[in-house]
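So the structure is just underneath, and the comments pick up after that.
The sequence lines fix the lettering, A, B, ..., with proteins before strands; numbering per chain opens at 1.
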Number of protein chains: 2
Amino acid sequence: MAANILIVEDETSILELIALNLQQAGFNPIRAINAEYADNIVKETVPDLIVLDWMLPGMNGIEFLKRLRGNSLTKKIPVIMLTAKSEEDNKIMGLNAGADDYLTKPFSPRELVARIKALLRGRSPELIDEPITISELNLNPQTHQVQVDDKLIKVGPTEFKLLHFFMKNTEIVFSRNQIINKIWGNNYDVDERTVDVHIKRLRKNLAEVGKNKLIHTIRGFGYKFSEK
Amino acid sequence: MAANILIVEDETSILELIALNLQQAGFNPIRAINAEYADNIVKETVPDLIVLDWMLPGMNGIEFLKRLRGNSLTKKIPVIMLTAKSEEDNKIMGLNAGADDYLTKPFSPRELVARIKALLRGRSPELIDEPITISELNLNPQTHQVQVDDKLIKVGPTEFKLLHFFMKNTEIVFSRNQIINKIWGNNYDVDERTVDVHIKRLRKNLAEVGKNKLIHTIRGFGYKFSEK
DNA sequence: ATTTATATGTCATCTATATGTCATTTTTAA
DNA sequence: TTAAAAATGACATATAGATGACATATAAAT
């Protein structure tokens, strides 16, 4: 569920520093110590954002970036470039090559996280855990609360995940299998009917505040969360 | 943990005076003798607050301020403007440009510190280690005491840190790993279950004054401190 | 330096809550 | 009216969290 962020950085101390901070900020860091390695990772799982060091052994950052931009699958991934202070001029080259933002070393991890959030907010807001309100129903991932006005609603762990997922993806119909993959994970083996049961439980919870109608059954296809 | 405060002031005597006083007040002062220099610093580490002189050589204070407000990352940093008495009219301009407070020279360092605290209290209370009281439970980091009314509560070292952390970050759910990182430090290797044990000990301590309910278990996610 | 007290982290056990499945009932669309 | 799909209630099981005990580590006192 958390955004996958690929970090391409050859200095392992910095790599770890970044990874740790991203983890703390609720992201899922993926480490790569050079561009070749990163390239392989990208082929397997397209990350949601890339933090890319300018100076890398072998294929350098710019080259890797150009490659990313040349492929339709990876063309749109937001990229933040890391440059050393002395290479300041490179930032122009970096931005020209298609970087979305850049940061000069040394930088504060806090700022990096802030910039990542800023970029993700623009591109894929569903990946940052911000509070969501839909027809007075408010879900706050930080406080782990669901409420209407000031009335708190008790919701079990799985139901919470389910509701969060729905509220991040309103109006879209999901099959039971899609829901299982999103909530339980890809290689999890649960019965399709189990989804029905959790939907039922969630509806029961929401019924306390009269919001159970937000979850719609699409007969033959699955479920969707909709205001309409 | 101490708040980073950027001071932008061209007269080094005043700069040092301010820096000294902030240090004494437990803040971490960062010095800049002009706006260009300050700009570079801000790019590296976003400070928690800026003390900005109005009259500066080169780019003046207002210009710098406008620049700050134009960037989403720095937009929200509280800024205190310093103006000379003769420039009193400028305070209006300063506030228009987005300053959060202003102070006319000569000012007492004590007053500056007070205003800084006031601003931080509103924006990021976790940065000033002041006593915190939440539903009658009072924690004082200076005296290292926890009490309700006048009744002192005995709390072990780890439990104290834990409680302090929770009281600075109320309502937010933290995973056991996040708690470990915050309390034990980043590269410390303790079992996740250990958190449970310390939570239990803290609850036991708080139970003496009936405040154990302030710590909530969020099944499957972690713990949070909440009045609700 | 030695003793004493206090705090720490881990483990095994107990308890509460959540989970997934199934059988049954109800709803829906043709 | 009927067949398929979805809703529901019940239940056995799994899992996460609470707790008490203990051996060890750390700090304080002598």
Below 4.0 angstrom from OP1 or OP2 of C:dT19, is there any side-chain N or O of A:Thr158?
yes
Can you sort out the partners of B:Thr170 under side-chain hydrogen bond (donor to acceptor under 3.5 Å, both in side chains), two or more places apart, ordered by chain and number?
none
Counting primed atoms, P, OP1 and OP2 as sugar-phosphate and everything else as base, the B/S/- map of nucleotides 21-30 of chain C against protein heavy atoms under 4.0 Å is BB----BBS-
Could you list all the side-chain hydrogen bond (donor to acceptor under 3.5 Å, both in side chains) pairs where at least one residue sits in residues 26-35 of chain A, not counting sequence neighbours?
A:Asn4-A:Asn28, A:Glu16-A:Arg31
Quickly work out the A:Arg203 CZ to D:dT8 P distance and round it to whole Å.
7 Å
What is the distance from CZ of B:Arg176 to P of C:dG9, rounded to the nearest Å?
16 Å
Any B:Trp184 side-chain nitrogen or oxygen under 4.0 Å from OP1 or OP2 of C:dG9:
yes
Under the side-chain hydrogen bond (donor to acceptor under 3.5 Å, both in side chains) test, which residues partner A:Arg219, sequence neighbours left out?
none
Whole-Å distance, B:Lys213 NZ to D:dA18 P, equals 13 Å
Could you state the NZ-P distance from A:Lys204 to D:dT8, rounded to the nearest angstrom?
10 Å
Is the closest basic N to carboxylate O distance between A:Lys43 and A:Asp39 below 4.0 Å?
yes
Ring pair (Phe, Tyr, Trp, His ring centres under 6.0 Å) partners of residues 30-50 of chain A, not counting sequence neighbours, each pair once:
none
Counting just side-chain N and O atoms, does A:Tyr223 come under 4.0 Å of either OP1 or OP2 of D:dA5?
no
If you fit an axis to the five pairs at each end of the helix from C:dA1-D:dT30 to C:dA30-D:dT1, how big is the angle between those two axes, to 10 degrees?
40°
Nearest-angstrom distance from the residue atom CG of B:Asn205 to C1' of C:dT6:
13 Å
Presence of B:Thr217 side-chain N/O under 4.0 Å of D:dA18 phosphate oxygens OP1/OP2:
yes
Could you tell me the separation between the CG atom of B:Asp196 and the C1' atom of D:dT19, rounded to a whole number of Å?
10 Å
The side chain of A:Tyr188 lies closest to which of these nucleotides: C:dA7, C:dG20, C:dA18?
C:dG20
With sequence neighbours left out, what residues match A:Asn169 under side-chain hydrogen bond (donor to acceptor under 3.5 Å, both in side chains)?
none
Does anything in residues 191-214 of chain B pair up under ring pair (Phe, Tyr, Trp, His ring centres under 6.0 Å), and if so which pairs, sequence neighbours excluded?
B:Trp184-B:His198
Atom NZ of A:Lys200 and atom P of C:dT19: how far apart are they, to the nearest Å?
13 Å
Salt bridge or not between A:Asp149 and A:Lys211? Use side-chain N to carboxylate O under 4.0 Å.
no
B:Lys154 side chain, from C-beta outward: closest of C:dA7, D:dG20, C:dT19:
C:dA7
Would you kindly give the CD1-to-C1' distance between A:Ile199 and C:dT19, to the nearest whole Å?
15 Å
Show every ring pair (Phe, Tyr, Trp, His ring centres under 6.0 Å) that has at least one partner inside residues 3-34 of chain A, sequence neighbours left out.
none
